[in-house]
Each structure stands twice: as structure tokens, then as C-alpha cells.
Amino acid sequence: MPQNLGKWMFFIVSSYLAFNVVSSSKNPLTRKTYIIQMDKHAKPEYFSNHFDWYSSKVQSVLSTPENETNESDNEERIIYSYQTAFHGVAAKLSEEEAERLEEEDGVLAIFPETIYQLHTTRSPMFLGLEPEDSTSVWSETIADHDVIVGVLDTGIWPESASFNDTGMTPVPAHWKGICETGRAFQKHHCNRKIVGARVFYKGYEAATGKINEQNEYKSPRDQDGHGTHTAATVAGSPVHGANLLGYAYGTARGMAPGARIAAYKVCWAGGCFSSDILSAVDRAVADGVNVISISLGGGVSSYYRDSLSIAAFGAMEMGVFVSCSAGNGGPDPASLTNVSPWVTTVGASTMDRDFPGTVNLGTGRTLKGVSLYKGRRTLLTNKQYPLVYMGDNSSSPSPSSLCLEGTLNPHTVAGKIVICDRGISPRVQKGQVAKDAGAVGMILSNTEANGEELVADCHLLPAVAIGEKEGKLIKHYALTARNATGTLAFLGTKVGTRPSPVVAAFSSRGPNLLSLEILKPDVIAPGVNIIAAWTGDTGPSSLPTDRRRVKFNILSGTSMSCPHVSGIAALLKARHPEWSPAAIKSALMTTAYVHDNTQKPLRDASQDVPSSPYDHGAGHINPMKALDPGLIYDIDAQGYFEFLCTQRLSPTQLKVFGKYANRKCQKSLASPADLNYPAISAVFPDNTSISIVTLGRTVTNVGPPVSTYHAVVSRFKGATVKVEPKTLHFTTKNQRLSYKIIFTTKSRQMMPEFGGLVWKDGVRKVRSPIVLTWLSPI
């Protein structure tokens with residue numbers, strides 16, 4: 001990332017937050033919301049609490065129409081009470097009333113309600129993709145190349161405004177896909193945005209029996225919401241005023257809003273079956289997609305036993321870019337899925353937007369958390385409620401402390417705020433369990449596995465999620481204090497969080513145990529608290545009891561980060577239609593950044609320590625830089641096949657990858673680490689007599705025809721590093737030059753070492769992460 005990232009982030013935030021103050025006349029019947037800041041210390045002694053005093057101040061200036069009473073009017077006027085970081089109230093007042101109130105003793109200031117209109121729902125802006133900038137990638141006509149993204153997921157909700165095709169050109173003639181019909185899905189549900197929709201269920205039905213068409217759409221229609229969300233993140237059309245119950249208000253748009261979407265429904269209520277997935281990938285390639293986005297995965301046992309890996313190899317052979325989610329198994333090491341080198345594996349990161357909530361303890365201490373709760377928001381801010389925790393002081397959660405179904409005694413938790421440990425069951429389900437038991441609110445506490453990472457949820461009762469450290473504090477308070485009490489407050493949307501991005505704790509980690517020589521994940525992208533389109537059939541919590549219906553929802557997971565990369569890949573394909581899948585991946589990896597908006601190394605949310613390439617891969621994607629990477633590390637299908645030839649696979653096992661092109665091993669790679677991958681991973685064998693590892697790479701010049709690059713490489717404790725040659729002189733476009741990087745052991749290290757190699761031409765920086773691993777002698 002550029003060294004002036006802090007200034008850049010400030011410019012983005014300050015430039016695209018629009019402050020629109022709505023004026024009104026002095027008609028006493030015309031009201032708008034004002035925020036009244038009060039001098040907390042000016043409260044007269046005869047008021048028992050600040051809220052009563054604030055209320056009396058508001059009451060004293062009201063202009064009461066003949067058909068209203070002061071008492072009922074006052075109840076409607078005050079909509080929030082602020083008691084912690086800010087002191088005062090928000091109230092609906094006429095302009096005359098506000099002017100009178102401003103003259104009252106104890107009133108510090110009055111602020112008219114301000115509408116913050118973000119030009120995006122954050123991730124495109126956070127990634128530097130600003131559509132109003134005439135020099136940006138958005139100004140390019142993506143339809144010139146008619147890029148089509150195939151989304152393998154739970155289907156699509158075609159009525160969403162995110163799939164509006166207004167202004168789009170006709171469906172390209174080369175598109176061979178169709179719009180399958182079925183329950184609640186007809187031909188007209190496809191358009192110039194949704195160019196195709198198919199369903200794949202035969203494998204699922206074979207394993208589970210016939211789909212109950214009364215309970216589930218046996219059609220491309222999305223009942224779950226996941227597929228609609230990912231499709232909109234990839235290529236959703238701009239939708240102004242998008243929000244989730246008022247949170248994250250702005251204009252929602254996908255990464256590539258001019259691209260087309262083809263929906264392939266492969267997941268059903270009982271799961272996603274590999275035979276259906278394989279068929280979908282196969283069909284998508286035949287239909288003519290350019291990019292395939294797959295936000296799902298399974299266990300990794302070997303390349304040749306992973307049908308998705310095999311299908312993705314075939315797609316790559318046909319020039320289709322495939323991106324997959326890394327999985328949500330973090331922070332456990334080696335928890336990755338979708339690790340094949342021909343797939344772009346995407347981990348998850350945070351953005352600079354939060355949805356803050358607070359827990360205000362009876363001791364006067366305030367703990368910060370997050371929440372997307374929207375309901376009777378003042379219910380828990382004006383009164384202290386008893387706190388209850390069903391666990392003990394041990395570090396091991398119990399079924400009741402986890403608030404699992406049937407474990408909370410209503411006699412114990414009714415009328416109280418219950419503290420629930422995160423884990424085992426879905427976060428929103430814990431809130432449902434607490435609500436069913438009569439709790440008035442919930443505090444969701446992270447455990448050691450989640451650390452300080454905060455994920456916001458649209459709970460069915462007032463609830464705030466807090467980190468592990470503050471969770472321990474509040475649980476200790478609830479267990480030891482005779483009358484432990486607390487309140488919850490919900491503070492809306494906050495932009496400009498620092499530090500960001502941060503690697504999400506849930507994001508699956510390396511190393512890639514199938515091949516240590518292939519670093520995974522490849523990159524990270526926004527995957528925490530992402531807003532996008534939603535199904536009309538399911539509430540925002542996805543719980544059966546949730547009767548709310550929303551047009552947009554906020555979700556977290558590598559399922560959300562994957563479509564960000566898929567959409568950026570579509571942009572790159574539109575700008576560079578001649579680029580191979582490997583070239584696109586290389587551009588994303590070598591331009592990724594490894595420092596946050598405070599200019600410090602990216603951090604790991606699970607431990608609040610600097611993250612490593614096992615966590616963030618090559619780094620966080622930087623789309624604008626990826627458009628002009630300077631150099632790329634290209635790999636063709638035979639190159640990937642040569643990598644497989646180094647994996648000790650039998651001829652039969654290799655055939656699953658090489659049968660279509662009748663590929664044979666040419667033994668062009670000395671080791672798997674010699675694959676022309678953008679990341680460099682050197683593995684010193686357990687044979688201690690081998691102290692030198694030499695790897696080769698070839699770069700292709702996609703920048704200025706005449707250019708010179710100089711190598712800069714990290715220093716390592718355990719090895720010396722030498723690059724030959726240190727300088728690469730290019731004289732033509734698309735010229736290929738090779739170099740060697742030689743690692744010589746100084747002292748064998750017990751743990752891997754991390755660093756990087758950067759080729760610089762004075763303008764561009766082409767960075768490859770480096771991992772050095774010493775295998776233990778037997």
C-alpha cells in the first residue's frame with residue numbers, strides 16, 4: 001500500500017461522507033430530529049437521574065397543539081438518551097422549539113440531525129474503487145468485453161434492485177447459458193444482468209431423497225440468502241439508500257457493477273454435494289463464463305480426490321478464473337480449504353467501518369462492542385438490568401454458558417441480561433435461546449478462539465458482542481458482585497476505524513499441508529460485516545422465528561471475501577481480456593499490501609499480534625494497483641500439470657487432471673517450489689547436509705515496453721538470500737525474463753521465517769511474499 005495510506009484514507013472518508021442538513025420552516029407542526037448536548041454536571045439535585053432532567057428541559061419548550069397533551073407528546077419526542085461518551089438526548093422538535101431549548105441553562109449545544117450518505121456500502125470505496133472518479137476503473141466500459149461471472153451458491157433473488165439491468169447492453173451472442181424455470185422462477189426473471197440461472201440437485205436428491213417443493217424452491221430462486229448476497233457483492237448494480245434496518249446506509253454496488261451474473265444453484269437445505277458442484281462448474285464453463293466464484297469448500301485430503309479442485313483445473317484450462325473462499329476454520333493453523341494452486345484462495349479481513357454498541361456496567365465502566373440490533377433501542381439504555389452468567393470462573397465454556405438450546409432456566413434469566421459465550425451454535429441462535437428464556441438482552445462474549453475480533457449480528461433481542469478480554473471482566477463481575485447490573489446501547493454506524501484492515505479471526509490459515517511450497521491463502525479481502533442484497537424469504541438472522549424482511553443484509557465470512565476477489569477479477573479481465581487466470585491472480589498478489597491504515601504491519605484479530613503470510617497470504621487486495629502490476633508471473637495449464645507431476649501422484653491419479661488435453665509429465669520442474677507462483681516458499685529438507693535451495697521464476701512485462709526493475713529482498717535470521725540477476729532490463733511489451741533466488745542456511749530455524757522480494761522500477765512495486773521452512777531431521 002502507498003506510504004501515504006493514512007492521508008489517502010482521510011481523503012476518502014472526508015470526501016465521500018456527504019453532510020446534508022435538511023431545513024424546515026418554523027411551523028410548530030414541522031419537526032425534525034435534533035441532538036441536544038447537555039452539561040452533565042449542571043443537573044439540579046432535585047432530579048434523581050439525568051434522563052428526568054433532560055426530559056424536563058425538552059418538556060419546557062414544547063409547543064403543544066390543541067389535540068395533544070404534554071405528557072404524550074414528550075413520550076414521542078425523545079427517541080434516544082445518551083449517557084456515556086455523549087450526554088444528552090435526541091428529540092423531535094420544531095425549529096422554534098429548538099431555538100428556545102438552546103437558550104436553556106445546562107444546554108451546551110443543539111445539532112440538527114445530519115444524514116451521512118456514503119457513496120458506497122464501504123467495501124468498493126475501501127478498496128479504492130470510486131465510481132465518480134473519471135480516471136478510475138469504473139469509467140472503463142466493462143461491457144466492451146461482456147465479462148460474465150458464474151456464482152455457485154444457493155441461487156438468486158431476482159427481484160432485488162441489485163440485479164436491475166437498466167442501461168445494460170443486450171446479452172452477448174456468445175453466451176450459451178439458459179434461464180431454467182421452476183417454482184417461483186420464470187424466464188422473465190433473467191435479464192441483461194442475470195443472464196443465466198440453473199439448478200443442480202441430482203446429487204443432493206440421490207443422497208437425501210426428493211426435495212420437498214412445498215418447503216424449498218426447486219428452482220434458481222434463493223431461499224437462503226447466501227447466494228443473493230455473494231452475487232450482489234460480485235456484480236450488483238448500484239442501489240441508492242441501501243441499508244440494514246438503518247445500518248450501513250449508502251449506495252450498494254458490486255465490485256464489477258457492469259459485469260453479468262450467471263447463478264448456479266448447487267446448495268440446498270441439507271447441504272452442497274460435490275457431484276452437483278462439479279456439474280455446475282462444468283456447465284458454467286460451457287455456458288461461457290469468464291470468472292467462477294465459489295464461496296464454499298470441504299475437507300482437503302489430496303488434489304486428485306477433491307472434485308472441486310479437478311473441476312477448477314478444467315475451468316482454468318479453458319481460461320476461466322476461479323476464486324474460492326479459504327474457509328472459516330481460523331484461527332486454527334492449517335485450516336484451509338480450496339488450496340489448489342490454480343484456484344485463487346481468499347481469506348477475510350475487516351474494513352474501516354464498525355457498528356458500535358456498548359455495555360455500561362453498574363460500576364460505571366463502559367465496555368465497547370458491536371451490534372446490528374434494531375428494535376426498542378432505548379429499552380436497555382435508561383435502566384440498569386441484572387446481569388447473569390450461567391458459567392463459572394473456569395476457561396472452559398459449558399452448555400449453559402454457551403446458551404445452547406434448552407440450557408437456560410427461565411427462572412434464572414427472565415428479566416435479566418444474560419451473558420453467552422461464543423461458540424458451538426450460531427451467534428444469533430444464542431440470542432433466540434436467551435429471548436425464549438425471558439431474557440431482556442444478551443451480551444455475547446468471545447472466547448480464546450475468537451480473541452478480540454468483533455462480528456456484528458442482527459439479533460432478535462437487544463444484544464452486544466464483546467471481545468475476550470472484556471468478556472472475562474464482565475463475567476467476573478456478574479459472578480462476584482452481589483447485584484451486578486448493566487445496560488446496552490446501540491450507536492449506529494461508524495466509519496474510519498483504525499487500525500484496518502485486520503485479518504479476521506475466523507479466516508482459515510495456512511500452511512498448506514498438501515504442499516508447503518505453495519503458500520495459501522493467496523490474498524485477503526473484506527469479509528467482516530459486508531452488506532449486500534438479500535432474499536425476500538428469510539429474515540436477516542436466518543432464524544426460522546425471524547419474521548423481519550429486509551432487502552439488504554450484513555454478513556461475515558470468507559464467503560463474503562471471495563466474491564470481492566471474483567468481482568475484481570472481472571474488472572481485470574475487462575481491462576486485460578488477454579490475461580490468463582494465473583496473470584490475474586499474479587496481479588492481485590504482487591500488488592497486495594501488508595500494512596494497515598496506521599502504516600503498521602497487518603494484524604491478526606485472534607491474538608492482536610502482527611499477522612503472517614500464513615494468515616494473509618500475499619496481503620490485502622489493492623485493485624487499482626492490480627490494474628497496472630508491471631510484471632506478472634504467468635502459468636499455463638501444462639505448468640500446473642508439471643506441478644502435479646512433482647506431487648508423487650500415480651499415472652491414474654494424474655489422469656484426472658490431464659485427460660482432456662492428454663497431458664504428459666515433461667519433468668520441467670525440479671521441485672514443486674519451482675512452479676512460477678507469485679509467492680515464494682522455500683522448504684529445506686530434513687537432510688541437514690542440504691543447506692542451499694535454489695528456486696527459479698519468470699516474469700512477463702505487462703508495463704511500459706522499456707523498463708528496468710531492481711530487486712530488494714528481506715534479510716532472514718536463518719538464511720542468506722541472493723537474487724541473480726539483481727536487475728531485469730525489459731525492451732518490449734510481454735517480454736519474459738527469468739531470475740534465480742538462492743537461499744543458503746546459516747542456522748536452521750525451528751519455526752518458519754517470513755519476508756518478501758520486491759522488484760521496483762521507480763513507479764511500480766512487484767512484491768512476492770517469502771516463506772522459509774526447515775523440516776526437522778528424522
Please confirm whether the backbone N or O of [Y] pairs with a side-chain atom of [X], one donor and one acceptor, at under 3.5 Å?
X	Y	result
His229	Ile530	yes
Asp276	Ser279	no
Ser508	Gly327	yes
Asn701	Thr732	yes
Glu317	Gln638	no
Asn512	Leu519	no
Ser323	Thr344	no
His710	Lys726	no
Ser586	Ala583	no
Glu642	Lys667	yes

Is the shortest heavy-atom distance from the side chain of [X] to the side chain of [Y] under 4.5 Å?
X	Y	answer
Gln647	Pro672	yes
Ser340	Phe643	no
Ile292	Tyr264	no
His174	Asp146	yes
Leu296	Val266	yes
Leu152	Ile277	yes
Ile742	Ile692	yes
Arg697	Ile741	no

Write down the atom of [X], the atom of [Y], and the distance for their closest heavy-atom approach.
X	Y	result
Tyr303	Pro341	CE2-CD, 4.0 Å
Ser738	Pro725	O-CD, 3.8 Å
Gly319	Lys573	O-NZ, 4.3 Å
Ala525	Val565	CB-CG2, 4.0 Å
Met351	Val528	CE-O, 4.4 Å
Ala570	Ala259	CB-CB, 4.4 Å

As an exercise, state the distance from [atom1] of [X] to [atom2] of [Y], rounded to the nearest 0.5 Å.
X	Y	atom1	atom2	value
Thr727	Leu737	OG1	CG	11.5 Å
Glu452	Asp604	CD	CG	11.5 Å
Ser566	Met255	OG	CE	10.5 Å
Thr745	Leu772	OG1	CG	8.5 Å
Thr700	Asp634	OG1	CG	5.5 Å
Phe506	Asn328	CZ	CG	5.5 Å

Side-chain H-bond candidate by donor/acceptor type, [X] with [Y], under 3.5 Å:
X	Y	result
Asp761	Ser707	no
Ser295	His226	no
Thr345	Asn338	no

| query | Charged N to carboxylate O under 4.0 angstrom, Arg198 versus Asp287? | reply |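 Between Asp287 and Arg198 there is a salt bridge, with a charged N closer than 4.0 Å to a carboxylate O.
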
| query | Is the closest basic N to carboxylate O distance between Arg603 and Asp596 below 4.0 Å? | reply |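 Salt bridge between Arg603 and Asp596, a charged N being under 4.0 Å from a carboxylate O: no.
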
| task | Evaluate side chain to side chain contact (heavy atoms under 4.5 Å, CB included) for Phe716 paired with Ile770, printing each intermediate quantity in order. | result | CA-CA 10 Å; Phe716 294 86; Ile770 296 176; 3.6 Å; yes

| said: Using the rule given for side chain to side chain contact (heavy atoms under 4.5 Å, CB included), can you reason through Leu644 versus Tyr304, listing the C-alpha separation, both sets of side-chain angles and the distance that settles it, and then say yes or no? | reply: CA-CA 9 Å; Leu644 288 166; Tyr304 70 92; over 6 Å; no

| query | Under the disulfide (SG to SG under 2.5 Å) criterion, do Cys324 and Cys562 qualify, and how do the steps go? | reply | CA-CA 6 Å; Cys324 294; Cys562 172; over 6 Å; no

| said: Taking less than 2.5 Å as the test, are the sulfur gamma atoms of Cys645 and Cys665 close enough? | reply: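 Yes - the two cysteines, Cys645 and Cys665, have SG atoms within less than 2.5 Å of each other.
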
| said: For the aromatic rings, using the six-membered ring if either is Trp, is the centroid distance between Phe754 and Tyr614 under 6.0 Å? | reply: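 Close enough - the centres of the two rings lie under 6.0 Å apart.
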
| Parallel, tilted or perpendicular, as decided by the 30° and 60° cut-offs, for the rings of Phe313 and Phe657 |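 Phe657 and Phe313: perpendicular rings.
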
| said: Between Leu572 and Phe321, does the side chain to side chain contact (heavy atoms under 4.5 Å, CB included) criterion hold? Intermediate values first, please. | reply: CA-CA 11 Å; Leu572 294 177; Phe321 179 92; over 6 Å; no

| field | Residue pairs passing the side-chain hydrogen bond (donor to acceptor under 3.5 Å, both in side chains) test where at least one lies in residues 676-685, sequence neighbours excluded | value |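 Sorted result for residues 676-685: Lys520-Tyr677, Asp522-Tyr677, Lys585-Tyr677.
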
| task | Kindly determine whether Leu757 and Trp759 satisfy side chain to side chain contact (heavy atoms under 4.5 Å, CB included), including the steps that lead there. | result | CA-CA 7 Å; Leu757 166 66; Trp759 289 99; 3.7 Å; yes

